[in-house]
Number of protein chains: 2
Amino acid sequence: MDQPPREISIPTLADVARRAAVSTATVSRCLNSPDQVGKKTRERVMQAVADLGYAPNFGARALAAKHTNTFGAIIPTMENSVFARGIQAFQEELGRHGKTLLIASSAYQEALEEEQVRALVARGADALLLIGFHRDPKLYEFLKSRSVPCLIAWSYDEQLKQTAIGFDNAGAMAALAKLVFQQGHRHVACITAPIASNDRARDRVLGVQRAMKAAGLNPKDLHLTQTPYGIENGETALRKTLAEAPETTAVMCVNDVLAIGALRAAKELGLRVPQDISITGFDDIEIAMLAEPALTTVHVPHHEMGRRAAGMLIQMVKHTEPVQSVELPTDIRLRQSLGPAAS
Amino acid sequence: MDQPPREISIPTLADVARRAAVSTATVSRCLNSPDQVGKKTRERVMQAVADLGYAPNFGARALAAKHTNTFGAIIPTMENSVFARGIQAFQEELGRHGKTLLIASSAYQEALEEEQVRALVARGADALLLIGFHRDPKLYEFLKSRSVPCLIAWSYDEQLKQTAIGFDNAGAMAALAKLVFQQGHRHVACITAPIASNDRARDRVLGVQRAMKAAGLNPKDLHLTQTPYGIENGETALRKTLAEAPETTAVMCVNDVLAIGALRAAKELGLRVPQDISITGFDDIEIAMLAEPALTTVHVPHHEMGRRAAGMLIQMVKHTEPVQSVELPTDIRLRQSLGPAAS
DNA sequence: TTGTAAGCGTTATCAT
DNA sequence: ATGATAACGCTTACAA
């Protein structure tokens with residue numbers, strides 16, 4: 001009856017090896033490529049692992065193996081489901097391949113995102129999922145120098161050199177705007193997130209302007225209100241918009257959250273939607289359908305984007321053939337918040 | 001003119017040391033406790049760090065230092081804002097103290113949560129934030145054996161030995177139920193998440209039953225429908241509830257997401273809320289106020305909970321004095337979805 | 001104030 | 001199939 005080792009300290013590979021009367025190399029192999037080791041030995045080792053409650057030390061493993069099977073993702077916010085659903089799918093797919101996902105949130109702050117990128121890389125992330133193209137080129141260089149593959153999601157741009165999976169923000173918004181103009185609206189305003197640091201918002205505004213041109217309107221006449229993210233900000237923005245451009249009959253918001261805020265403000269102002277004013281969003285998050293009236297918006301395949309992003313990124317870390325960017329289709333969900341222009 | 005080292009590989013501490021003509025120990029000190037090193041030396045080292053674009057290797061650091069300044073949190077879902085807001089606050093507060101947060105999502109699956117705990121501990125999490133008490137006692141032992149402090153959030157229970165920050169789920173729900181009974185409802189049903197593995201859900205149901213007793217009703221008469229998380233599941237659950245107990249005049253859901261689903265189902269069934277049926281939720285997430293009619297629910301101080309959880313956990317890793325559990329107050333938000341019982 | 005050197009717990013390359 | 005053993009990059013006594 002050998003004295004079981006008291007649980008005085010955390011068991012290491014060496015402890016397991018000792019107990020199973022094999023070398024540490026064998027234990028390591030048992031854990032990482034079990035088929036390279038004899039059945040009997042393997043069973044003995046696994047028993048020892050179980051007995052001791054052994055769990056590998058990640059730091060040591062990362063140090064020795066130079067990869068971590070850990071991917072990182074940085075999302076602008078967790079405050080709503082826009083990114084949550086895509087990321088959840090991303091995580092599930094990674095899990096299926098034995099990868100772990102580390103998530104960080106940048107709260108829509110560029111400096112914070114940079115910090116998170118470095119933190120994630122420092123902690124050994126094998127690859128990164130980032131949202132949108134816009135960021136300091138130095139960050140891309142940093143990632144390259146560390147050979148950490150990086151995939152851009154939620155945006156797609158043929159021009160740019162980064163591999164991406166996303167959709168045509170401008171095109172989708174233009175398609176929606178076309179519908180708005182078809183309803184007879186001539187005085188359209190746009191409520192947007194700050195476009196300086198958010199290419200998705202910028203592209204969506206450009207989409208509206210492109211559609212204006214096509215409809216024979218002057219893109220410069222588009223009334224633009226920029227505001228940070230948030231329902232309350234959407235409310236304020238609508239009030240501001242209507243104060244500055246009272247002739248507005250349709251307000252196109254670059255995301256659903258701002259649109260929900262606008263919707264609420266319209267109600268507070270006693271305006272009927274869509275009779276007095278039409279409102280549209282983008283993303284098709286859950287509240288879009290739940291809102292009263294339900295929100296006309298652009299539906300984005302969040303789930304599929306997340307799932308496929310995982311597959312692409314896994315390919316990228318294998319760094320065999322280069323991975324092609326993927327453009328996903330979007331479609332418009334016509335609901336009650338958009339109606340004909342009041343005459 | 002010395003040849004600058006080509007960016008062939010990632011710079012290490014030794015590279016920095018060489019370039020600054022000091023020992024690796026000095027570089028390490030410069031980085032970790034700068035005041036222990038002479039000003040001139042420090043400047044030289046920092047210059048070398050900058051020149052080389054050096055960033056410490058996390059694995060090596062964790063291995064040597066045995067702590068990581070990294071905390072972990074495992075939340076049941078990211079699909080809605082219930083946990084997102086609390087975690088965001090948690091992260092912000094940790095950031096203020098120089099800690100990094102790693103987030104994982106268990107998708108409400110116990111086995112997955114266990115895996116995530118081990119993954120987080122393995123990657124050196126100094127402490128963990130977990131939601132609710134319910135989990136295999138072995139997990140708690142595991143954490144203890146690894147001396148990883150663990151704080152339970154969203155639940156509070158004087159009896160239990162785990163340090164926690166949360167609120168009185170049963171009490172809050174009982175208070176809401178009391179209001180429901182005051183409105184004359186006698187046939188109340190409850191739609192809940194699976195109570196076997198979710199102490200928050202279980203306590204909330206118990207709260208309803210406690211209030212029934214106080215109102216002179218038999219707690220056993222409570223009609224209970226269990227369903228997984230999700231708006232659609234809430235819809236199905238309401239249909240099932242009304243099929244089984246058509247006399248029901250009020251449905252209390254253990255969270256807002258199920259309640260929103262119930263609300264939607266009621267509308268589809270042509271029932272007016274609250275004239276024909278009253279519906280209540282729990283959590284007060286954003287959609288509660290946006291729903292039509294707006295949802296009567298229990299408001300939980302997510303943000304404060306997250307912020308204070310960070311402070312508590314930081315205390316706990318210092319393992320000086322034991323940290324006291326904290327019970328946060330909740331309050332009821334009366335909105336249109338609750339009305340008098342149809343007579 | 002600074003340097004030397006012994007770990008930290010794995011993985012991976014060779015042997016055998 | 002298994003074992004020795006040299007990395008891996010950093011921290012931290014201890015020495016100077």
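In what follows, every chain begins at residue 1, and chains take the letters A, B, ... in the order their sequences are listed. Just so it is clear, the structure is predicted and the values come from calculations on it, not from any experiment.
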- Validate the cation-pi geometry between Arg118(A) and Phe142(A): distance from NZ or CZ to the six-membered ring centre under 6.0 Å, angle to the ring axis within 45°. yes
- Most 5' of Ala60(A) and Arg42(A) on DNA chain D, judged by nearest nucleotide: Arg42(A)
- Note on the structure: When Asn57(B) and Arg29(B) are each assigned the nearest nucleotide of DNA chain D, the 5'-most assignment goes to Asn57(B)
In whole Å, I'd like the distance from the [atom1] atom of [X] to the [atom2] atom of [N].
X	N	atom1	atom2	result
His67(B)	dC8(C)	NE2	P	17 Å
Leu63(A)	dG7(C)	CG	C1'	12 Å
Gln36(B)	dT11(D)	CD	C1'	12 Å
Arg18(A)	dA4(D)	CZ	P	13 Å
Leu31(A)	dG9(C)	CG	P	16 Å
Lys66(B)	dG9(C)	NZ	P	6 Å
Asn32(A)	dG9(C)	CG	C1'	13 Å
Phe58(B)	dT11(D)	CZ	P	11 Å

- Message: Please compare Leu13(A) and Asp35(B) by the position of their nearest nucleotide in DNA chain C and report the one closer to 5'.
- Response: Asp35(B)
- Message: Quick check on DNA chain C: between Lys39(B) and Ala65(B), whose nearest nucleotide comes earlier from the 5' end?
- Response: Lys39(B)
OP1 or OP2 of [N] under 4.0 Å from side-chain N/O of [X]:
X	N	answer
Ser23(A)	dT2(D)	no
Arg61(B)	dT11(D)	yes
Thr26(A)	dG3(D)	yes

- Side chain of Ser28(B) - closest among dT10(C), dT11(D), dA12(C): dT11(D)
- Message: Just to be sure I understand the rule, does Val22(B) reach a base, reach only the sugar-phosphate, or reach nothing, if contact means heavy atoms closer than 4.0 Å?
- Response: sugar-phosphate
- Side chain of Asp126(A), backbone of Thr68(A): donor and acceptor closer than 3.5 Å? yes
- Item | N-O pairing of Arg135(A) and Glu110(A) below 4.0 Å | no
- Message: Would you compute the distance between atom CD1 of Ile152(B) and atom OH of Tyr156(B) and round it to the nearest 0.5 angstrom?
- Response: 13.5 Å
- Task: List the atom of Thr163(A), the atom of Val323(A), and the distance in Å for their closest heavy-atom pair.
- Result: CG2-O, 3.5 Å
